[in-house]
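Have a look at the structure below before the remarks.
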4 protein chains.
Amino acid sequence: MTRVSILGSRGYTALELLKILADHPEVQVVAATTRQEGNPPLTDIHPCLTGRFDLDCQNLTAEEVGRVSDLAFCCLPHTASMEAVPQLLEAGCRVVDLSADYRLNDPGVYEQWYQHVHTDPTRLETAVYGLPELYRERIRTADLVANPGCYTSASILALAPLLAEKLIDPQGIIIDAKSGVSGAGRTPKLGNLFSECNESVTAYGIGTHRHTPEIEQVLADVGGLDVRVAFNPHLMPMDRGILCSIYPRLVEKRSQKDLLQLYRTFYSAAPFMRVLDRIPRTRDVSGTNFCDVTVCFNRDQLVVFSALDNLIRGASGVAVQNMNLMLGLDERTGMLRC
Amino acid sequence: MTRVSILGSRGYTALELLKILADHPEVQVVAATTRQEGNPPLTDIHPCLTGRFDLDCQNLTAEEVGRVSDLAFCCLPHTASMEAVPQLLEAGCRVVDLSADYRLNDPGVYEQWYQHVHTDPTRLETAVYGLPELYRERIRTADLVANPGCYTSASILALAPLLAEKLIDPQGIIIDAKSGVSGAGRTPKLGNLFSECNESVTAYGIGTHRHTPEIEQVLADVGGLDVRVAFNPHLMPMDRGILCSIYPRLVEKRSQKDLLQLYRTFYSAAPFMRVLDRIPRTRDVSGTNFCDVTVCFNRDQLVVFSALDNLIRGASGVAVQNMNLMLGLDERTGMLRC
Amino acid sequence: MTRVSILGSRGYTALELLKILADHPEVQVVAATTRQEGNPPLTDIHPCLTGRFDLDCQNLTAEEVGRVSDLAFCCLPHTASMEAVPQLLEAGCRVVDLSADYRLNDPGVYEQWYQHVHTDPTRLETAVYGLPELYRERIRTADLVANPGCYTSASILALAPLLAEKLIDPQGIIIDAKSGVSGAGRTPKLGNLFSECNESVTAYGIGTHRHTPEIEQVLADVGGLDVRVAFNPHLMPMDRGILCSIYPRLVEKRSQKDLLQLYRTFYSAAPFMRVLDRIPRTRDVSGTNFCDVTVCFNRDQLVVFSALDNLIRGASGVAVQNMNLMLGLDERTGMLRC
Amino acid sequence: MTRVSILGSRGYTALELLKILADHPEVQVVAATTRQEGNPPLTDIHPCLTGRFDLDCQNLTAEEVGRVSDLAFCCLPHTASMEAVPQLLEAGCRVVDLSADYRLNDPGVYEQWYQHVHTDPTRLETAVYGLPELYRERIRTADLVANPGCYTSASILALAPLLAEKLIDPQGIIIDAKSGVSGAGRTPKLGNLFSECNESVTAYGIGTHRHTPEIEQVLADVGGLDVRVAFNPHLMPMDRGILCSIYPRLVEKRSQKDLLQLYRTFYSAAPFMRVLDRIPRTRDVSGTNFCDVTVCFNRDQLVVFSALDNLIRGASGVAVQNMNLMLGLDERTGMLRC
């Protein structure tokens with residue numbers, strides 16, 4: 001059994017990781033960290049894990065975790081991750097980092113969007129971006145995988161086939177993204193209270209959302225051209241799920257049928273991609289690692305839809321998928337439940 | 001007291017009308033129709049009206065309603081309305097029609113989108129489109145007001161100032177609209193069940209939604225040019241509210257500040273328009289007749305947001321606003337409650 | 001116009017008060033306080049009030065408020081209220097206090113349930129409990145009205161007719177109460193996050209909820225006997241509304257019909273009480289000051305149901321109803337909207 | 001691989017069964033029936049199963065299903081089940097029946113509560129009630145298992161330890177049950193529309209709910225005494241989950257600690273029972289086959305809480321648990337996912 005650990009156990013991504021790992025046949029969770037005093041049982045922090053884990057959370061350093069683990073999932077906030085990851089790697093522990101700290105190649109871009117100097121810039125070159133549909137082979141041998149953002153995965157997976165074939169204008173792609181509230185995390189804030197979110201829809205972070213440069217960087221890599229997106233996130237009155245409605249400009253006439261075929265070919269080896277003939281619903285991917293996509297036309301306008309569970313396919317599910325690849329396992333191991 | 005009636009009492013727009021009219025100081029509801037046998041009390045159909053109305057619903061003809069009413073709200077489905085409206089008008093009763101039957105000027109366009117021949121085409125010329133912010137003066141003297149659709153109002157009010165000033169390309173305006181489930185009506189269908197809609201977001205009617213020609217017709221009238229929109233409606237897991245996120249192409253450089261000023265000027269005489277410096281939330285207009293709008297930039301891309309309550313501002317509230325104008329009252333009468 | 005003020009403007013009860021007062025024909029809001037620096041516009045704190053109030057919140061003392069107001073609504077937390085109320089009254093300002101500080105007659109009971117010594121115990125004798133259906137006449141002339149708790153109102157209004165007639169065992173009344181999340185207030189806490197509350201039901205405060213002694217005190221006053229309730233509050237995945245399902249032991253055989261008649265007689269002069277022949281839904285009272293009640297039998301077991309909007313009838317609506325009585329107005333003034 | 005089939009594929013319990021069976025290592029789904037014409041693919045009926053099943057639904061008779069299956073899950077409505085089950089059994093196919101048709105021992109009681117004569121009364125004697133925590137050994141060898149109702153499971157599992165020890169008065173047990181909307185099924189009706197259920201709580205079926213005789217029958221069997229419950233179901237604005245709040249009268253003084261120990265002993269061999277020291281939340285059992293229970297005191301009043309997922313533990317999960325036992329497998333097979 002591979003020994004795995006979680007750094008930062010309190011949040012929703014840690015919880016979803018633990019729920020998947022509880023049934024994973026090839027790994028054992030050996031440590032879960034918290035800054036909270038008193039070594040609280042994991043089930044105090046996440047009551048739904050009662051009966052599944054007999055483990056206390058501990059206030060361990062990254063180095064201590066690294067010494068007892070073969071692989072660690074880093075669920076720390078950005079800037080905290082770049083402190084912990086070097087210690088984990090130096091202790092010989094491979095890492096799937098769920099923060100944003102190793103996603104961007106250019107430390108200058110990181111500084112621009114996160115208002116923080118990157119303290120581990122050289123490692124940005126060796127970190128592998130953890131989107132298996134694009135970087136499967138590199139992930140297998142990586143020591144450090146930068147797990148993608150939730151909006152990012154939904155946006156990239158929807159657009160990659162079109163950009164790879166240079167079928168759309170890489171400038172001015174409009175992404176209208178709709179997310180459930182769990183994407184905002186488990187720290188209490190006015191904006192994620194039930195009585196503020198329920199029965200309400202709004203947009204936020206127009207022009208400033210930090211997933212923007214991540215989307216542009218990966219899509220530029222796929223398409224070999226500079227990409228510029230207008231990324232417009234919206235908050236939905238639901239717990240989980242993301243739907244991206246994307247409006248690209250087609251530069252070459254193609255039918256819906258051709259485009260669906262293109263997507264099916266592009267994702268033929270991807271077990272968690274479902275190319276649909278109908279518009280996806282977030283409900284149909286909830287609790288799963290699937291990403292559902294389709295393309296259609298609104299008269300002349302091409303529209304691409306993608307749906308995923310922001311906590312699973314957008315965070316903890318793909319993290320396990322990455323771990324499976326790193327461990328030489330079938331990427332579906334422990335995760336086929338629909 | 002003006003005698004008003006409701007044709008078609010069972011649905012949500014009839015309910016919201018009745019809730020507003022219950023406190024309206026200048027009108028009295030004299031009849032409410034239903035096809036249901038047995039003259040059920042209105043409070044059997046809408047329990048929340050208990051104590052507010054002592055009225056039985058009756059299976060009356062439009063002609064019978066017209067004889068006892070000064071003004072009727074027609075809450076019938078499309079195609080049924082064009083049967084009833086001529087009878088009401090011939091009986092001397094003015095009409096606010098909440099169906100789509102008198103919204104489109106061209107019976108051919110009606111036939112194309114509704115798959116039904118229009119049986120009262122000549123009256124399309126005299127019907128006034130009931131958006132007071134654009135047609136206030138004509139509404140005052142109209143005998144037949146075609147009350148706008150919910151998505152339509154949100155879209156038009158968001159775009160009218162830009163098109164009036166010819167600041168955007170009238171072709172290829174992308175509208176990403178998000179609506180609560182009450183917009184789908186009160187008739188039980190799989191698609192509006194709680195267990196299908198809750199915790200889910202999806203899109204529908206891409207390229208086929210019937211509010212499309214209505215939006216294009218009115219905006220063309222405002223801008224003096226053909227308008228073409230890609231209208232993309234989405235279903236949200238909430239009861240009521242619409243948010244439109246609109247992505248037009250600016251043809252002339254303008255700052256956010258200039259554009260907000262343009263909107264404030266355009267709507268300076270409109271008591272139910274609120275031009276905001278921030279992104280609207282549907283929660284903030286819920287239960288009110290307000291439409292909140294703002295404009296901002298996502299880097300280069302202009303984005304316009306509008307929010308309204310689909311049942312009030314998108315249907316029954318604006319219907320009362322139209323009635324107030326038709327009766328020579330202040331348009332806010334009976335409706336200021338925020 | 002009567003000059004009224006709000007102490008503590010940030011919460012949901014203050015917001016609902018302001019929404020009602022915005023349309024109230026007889027009062028003007030002259031001040032709203034906050035501890036927040038910089039005199040923020042009221043519409044910054046509550047965006048939905050945009051266009052309804054042109055008022056800045058100020059960091060005023062209770063004395064300062066008292067000098068410019070005829071009546072103040074105190075929306076402060078418990079223990080803060082008993083600091084402010086004496087200053088308001090001494091400045092000649094009448095008070096409706098929405099906190100718990102003046103609800104209990106006995107300072108010892110207050111100390112037991114609130115773990116805080118009451119610093120203004122003598123005023124407990126003159127404060128009038130603000131449930132108009134029971135204490136209408138005393139409220140008219142009161143200078144200090146202790147506005148009831150939300151669960152309390154629903155429980156008392158459901159049980160008062162039975163206890164007044166001594167038809168039930170006053171010991172061992174089981175109250176199973178279900179509330180929306182807004183009852184937990186607007187301060188961010190883990191327990192009122194969307195992602196914790198949505199799609200979940202739970203109970204809390206079993207045996208310790210502070211509305212218990214309030215219910216027992218008022219019902220004892222109504223029935224002339226000691227009353228003991230097992231009060232069991234539950235948290236529902238909704239914003240607003242309370243349903244109480246109450247299981248009393250009938251000591252004398254009565255039919256449902258007799259009991260409904262008893263309730264109708266008891267509440268014949270109460271414009272906001274609706275005695276129904278069917279089980280109430282919280283949806284049907286949402287946004288209104290109505291309390292809907294019914295009684296029925298589950299085979300031998302008497303069941304009483306009551307439903308109200310926790311923020312309106314359970315807090316701000318009844319506060320305005322109390323104000324109306326204090327000002328000699330019809331108690332419905334400004335509030336009939338269903 | 002055991003060949004299993006589903007009769008009646010359209011509803012939510014069939015969907016949840018299929019989701020569990022998709023990953024079950026020991027069975028293969030060989031047939032799924034529908035009355036719908038044209039052999040629609042299963043994924044047309046349940047889009048979320050895309051990629052998991054390559055199976056068309058067929059309009060097969062029970063006999064045809066029986067011939068190709070080792071075990072069938074009958075998800076038909078009551079009265080339809082008693083037509084199909086005899087045919088299945090006669091074809092040599094074992095059955096887990098999710099309807100109510102074989103749950104009650106006495107055909108007279110069935111007729112009284114279901115207003116329908118039982119057409120297969122002799123088989124009521126051999127059918128085994130499918131609650132593994134009470135009837136595990138009999139289930140192993142049964143040919144026909146009557147899968148329990150959702151409310152029933154939650155109620156019985158909460159009360160069985162107390163009645164087995166004769167610690168409570170078996171008469172007059174008050175059960176206040178709260179359920180998500182999916183319990184009402186997938187057939188469109190006014191009462192399960194999003195816009196009727198959302199933001200609302202109500203009760204229904206007081207004194208008439210059909211789970212009442214089922215609860216009483218099984219608890220009488222456990223306790224050896226007649227049992228009478230006042231069962232009060234409520235509808236919550238959520239998709240799934242049941243919380244039962246139960247108010248029994250203790251006939252012998254016991255501490256909370258003693259009672260929790262009693263529950264732990266009673267359920268020591270039950271892998272899906274979790275006896276908690278805190279009040280359960282439905283969220284913590286959602287998507288799982290766990291039933292969480294606790295006992296506590298509200299001053300003198302004993303309160304028992306139980307929580308489960310109505311579609312999993314209350315229907316399809318326990319159906320697979322029953323199948324596992326019938327097939328000689330570990331009852332947890334295919335179901336540990338939390």
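Note on naming: letters A, B, ... go to the chains in the order of the sequence lines (proteins, then strands), and numbering restarts at 1 for each one. Atom set for the values below is all heavy atoms of this structure, side chains included, hydrogens, waters and symmetry mates excluded.
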Worksheet entry | chain A contact via B/D284 - side chain, backbone, both or neither, heavy atoms under 4.5 Å | neither

Worksheet, complete the sentence: From the list A/N198, A/V303, A/I242, the residue making the most non-hydrogen contacts under 4.5 Å with chain B is A/N198

Discussion item. Under a 4.5 Å cutoff for heavy-atom pairs, which residue among A/C197, A/G205, A/S200 has the most contacts with chain B?
Written reply: A/S200

Worksheet item: Say you draw a straight line from CD1 of B/I279 to CG of A/L235; how long is it, rounded to the nearest 0.5 Å?
Response: 11.5 Å

Worksheet, complete the sentence: Ranking B/A203, B/C296, B/S245, B/G241 by heavy-atom pairs under 4.5 Å to chain A gives rank one to B/A203

Practice prompt. Counting only heavy atoms closer than 4.5 Å, note whether B/P237 contacts chain A via side chain, backbone, both or neither.
Written response: both

Worksheet item: Under the side chain to side chain contact (heavy atoms under 4.5 Å, CB included) test, which residues partner A/A158, sequence neighbours left out?
Response: A/I246, A/V304, A/S306

Worksheet, complete the sentence: Scored by heavy-atom pairs under 4.5 Å with chain B, the best of A/F231, A/F297, A/Y204 is A/F231

Discussion item. Go through it in stages, so that I can follow the logic: the residues are A/F305 and B/I206, the test is side chain to side chain contact (heavy atoms under 4.5 Å, CB included), and I'd like the CA-CA distance, side-chain angles, deciding distance and then a yes or no.
Written reply: CA-CA 11 Å; A/F305 292 103; B/I206 300 298; 3.7 Å; yes

Discussion item. Quick check on A/T212 against chain B: is it the side chain, the backbone, both or neither that has a heavy atom closer than 4.5 Å?
Written reply: side chain

Practice prompt. Assess whether side chain to side chain contact (heavy atoms under 4.5 Å, CB included) is satisfied between B/E196 and A/R281, documenting all intermediate values.
Written response: CA-CA 10 Å; B/E196 299 288 323; A/R281 298 194 305 172; 3.0 Å; yes

Discussion item. How close do A/N298 and B/G207 get, counting heavy atoms only, and between which atoms?
Written reply: OD1-CA, 3.2 Å

Fill in: Under 3.5 Å: donor-acceptor pair, side chain of A/R299, backbone of B/A230
no

Worksheet entry | Under 4.5 Å from any heavy atom of chain B - which part of A/L243 | side chain

Worksheet item: Is it the side chain or the backbone of A/H234 that comes within 4.5 Å of chain B heavy atoms, both, or neither?
Response: side chain

Item to complete: Look at the side chain of B/E199 and the backbone N and O of A/R283, then say whether any donor-acceptor pair between them is shorter than 3.5 Å.
Response: no

Item to complete: With a 4.5 Å heavy-atom cut-off (strictly below), which parts of residues 166-190 of chain B touch chain A? List them by number.
Response: B/I174, B/D176, B/K178

Worksheet entry | Segment of B/R278 engaging chain A (4.5 angstrom heavy-atom cut-off) | neither

Worksheet item: Taking only heavy atoms into account, what residues of residues 222-229 of chain B are found under 4.5 Å from chain A?
Response: B/R228, B/V229

Practice prompt. List for me each residue that meets salt bridge (Lys or Arg N to Asp or Glu O under 4.0 Å) alongside B/R103, sequence neighbours excluded, and say none if there are none.
Written response: B/E214

Worksheet, complete the sentence: So, the part of B/V201 with a heavy atom under 4.5 Å from chain A: the answer is both

